[in-house]
Amino acid sequence: MQISKASTAVGAIVEDVDVTALTDGEFADVRQAFHDHGTLFFRDQKLTPEEHIAFAERWGAIDFNRFFKRREGYPEIAEVLKEPDQELNIGGGWHTDHSYDEAPAMGSILYALEIPPSGGDTLFAGMAAAYDGLDDGMKDKIKNLKARHGNAHIFGEESEYRKAIGDRYTNADQAGQTAVHPVVLAHPETGVKGLYVNPGFTLEIVDVEPEESKALLEELYAHIMQERFHHRHQWRAGDLAMWDNRSTWHYALNDYQGHRRYLNRITIEGVALS
Ligand code: SIN
């Protein structure tokens, strides 16, 4: 097994490995790489749904996503699907999964089944590198701030996006949760500091005026959106990507109209953030 950096800010590529056959020692190395790099990319995997689930369960209990349509017969697996005639895609903007939960999913494990002939890449951003890249004044300004996250604008009954994406999402009546988390998160397992706000689900910085909250979030987002904090993953069928929702953002590009893109995602339970 070989592990090499995918970019300076985020991600590592794990080669010469079959994730269904990792020894405990190899799994420990993979877990360390996951903590060091935030996202891992395994090429050339041949997973049945059962093997995908078994790999996910080595990381922890499965966090059943409430809103994605599930793969038939496999409630653990959320379908990330865009049909050729569908215009909107899932995850087509910078976000991190489940930040609206009190205990956001620790990680997401995405397996590629059908990939368009070109396009459909996913961008990842590293939140520790982005935090390190802030100047001391900004670090001081945000050090004790908290932000509220929510999901009704994406998954709720009134969400225009949900209405437009059709039956890809379910359980609109179960949307509406909000959760407050630190803006600067000491990672629950490594202690490494990173930014924990995202354009997909963060609603506001709490206890500041709305204009100040908006301006501060925009400034942080513009900072994180600099390419120096990113890695772009070009998918092949058989790729398995796994990201840490507490230390990364991701963005599924929607530039393959007329082609099908189909992946299966499993999310792993996380802990309350403080
Ligand atoms: C997601 O946001 O979980 C989907 C990412 C992707 O389709 O690449």
Side-chain angles (χ1 to χ4, degrees), residues 6-7 10-11 13 34 38-43 45 47 52 55-56 59 62-71 74 76-84 86-101 104-127 149 151 153-155 159 161-162 164-166 168-170 175 198-202 224-225 230-257 259-270:
S7 75
V10 65
I13 299 160
F34 182 64
T39 304
L40 299 178
F41 305 100
F42 303 88
R43 293 283 197 191
Q45 303 302 306
L47 299 184
H52 189 183
F55 178 63
W59 295 87
I62 290 174
D63 181 330
F64 288 69
N65 185 284
R66 311 187 276 293
F67 306 115
F68 283 36
K69 195 166 174 181
R70 294 171 181 182
R71 180 164 171 162
Y74 299 97
E76 300 88 345
I77 297 179
E79 292 198 309
V80 176
L81 170 63
K82 182 171 181 270
E83 294 286 10
Q86 192 184 320
E87 294 208 347
L88 285 177
N89 68 336
I90 288 177
W94 282 115
H95 68 287
T96 190
D97 301 330
H98 292 220
S99 71
Y100 45 79
D101 284 333
M106 174 282 269
S108 303
I109 306 180
L110 187 65
Y111 181 54
L113 291 153
E114 280 182 63
I115 293 301
S118 65
D121 299 350
T122 304
L123 305 178
F124 292 87
M127 294 302 111
H149 303 244
N151 60 21
H153 60 293
I154 303 288
F155 301 122
S159 161
Y161 168 65
R162 186 194 62 77
I165 210 162
R168 301 264 75 84
Y169 289 148
T170 57
N198 70 89
F201 298 114
T202 305
I224 298 167
M225 285 178 198
H230 303 170
H231 170 68
R232 181 176 182 137
H233 182 65
Q234 203 170 9
W235 292 92
R236 299 195 305 234
D239 283 359
L240 185 74
M242 171 165 189
W243 59 85
D244 187 327
N245 285 308
R246 292 86 50 93
S247 63
T248 62
W249 282 1
H250 56 282
Y251 179 165
L253 297 174
N254 187 8
D255 56 356
Y256 53 94
Q257 197 59 38
H259 296 282
R260 194 170 198 260
R261 182 177 183 274
Y262 179 46
L263 303 93
N264 280 183
R265 196 183 88 181
I266 302 181
T267 35
I268 312 297
E269 276 184 9

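Residues: numbered from 1 along the sequence shown. Whatever order the structure lists ligands and atoms in, that order sets their numbers, starting from 1. Owing to the predicted nature of the structure, the values given are computational and were not obtained by experimental measurement.
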**Ring geometry between His233 and His231 (parallel below 30°, tilted from 30 to 60°, perpendicular above 60°)** = tilted

**Asked** What atoms in ligand 1 come closer than 4.0 Å to a heavy atom of Thr122?
**Response** 6 (C), 8 (O)

**Request:** Validate the cation-pi geometry between Arg265 and Phe68: distance from NZ or CZ to the six-membered ring centre under 6.0 Å, angle to the ring axis within 45°.
**Result:** yes

**Asked** What's the shortest heavy-atom distance between Ser108 and Asn245, and which atoms?
**Response** OG-ND2, 3.1 Å

**Asked** Quick one: which ligand 1 atoms are inside 4.0 Å of a heavy atom on His95?
**Response** 2 (O)

**Message:** When you compare the side chains of His153 and Ser159, does any donor N or O come within less than 3.5 Å of an acceptor on the partner?
**Reply:** no

**Prompt:** At a 4.0 Å threshold, what atoms of ligand 1 neighbour a non-hydrogen atom of His250?
**Reply:** 1 (C), 2 (O), 3 (O)

**Request:** Quickly, which of Phe124, Trp94, Phe201, Trp243 forms a ring pair (Phe, Tyr, Trp, His ring centres under 6.0 Å) with Trp249? Name it, please.
**Result:** Trp94

**Item:** Trp243 neighbourhood, listing ligand 1 atoms whose heavy-atom distance to it stays under 4.0 Å
**Value:** 3 (O)

**Message:** Less than 4.0 Å is my threshold; does some heavy atom of Arg261 fall inside it relative to ligand 1?
**Reply:** yes

**Prompt:** What is the nearest protein non-hydrogen atom to atom 3 (O) of ligand 1, stated with its residue, atom name and distance?
**Reply:** Arg265 NH1, 2.7 Å

**Fill in**
Scanning both residues in full, the closest heavy-atom pair of Ala105 with Arg246 reads O-CD, 4.0 Å

**Asked** Considering residues, nucleotides and ligands other than Glu114, do more than 12 of their heavy atoms fall under 6.0 Å from its CD?
**Response** yes

**Asked** What part of Leu110, side chain from CB on, backbone N/CA/C/O, both or neither, has a heavy atom under 4.0 Å from ligand 1?
**Response** side chain

**Fill in**
ligand 1 atoms nearer than 4.0 angstrom to some heavy atom of Gly91 are 2 (O)

**Prompt:** Counting each atom of ligand 1 from 1 as listed, which ones have a heavy atom of Ala252 under 4.0 Å away?
**Reply:** 5 (C), 6 (C), 7 (O), 8 (O)

**Asked** Considering only protein heavy atoms, which is closest to atom 4 (C) of ligand 1, and at what distance to one decimal place?
**Response** Val80 CG1, 4.0 Å

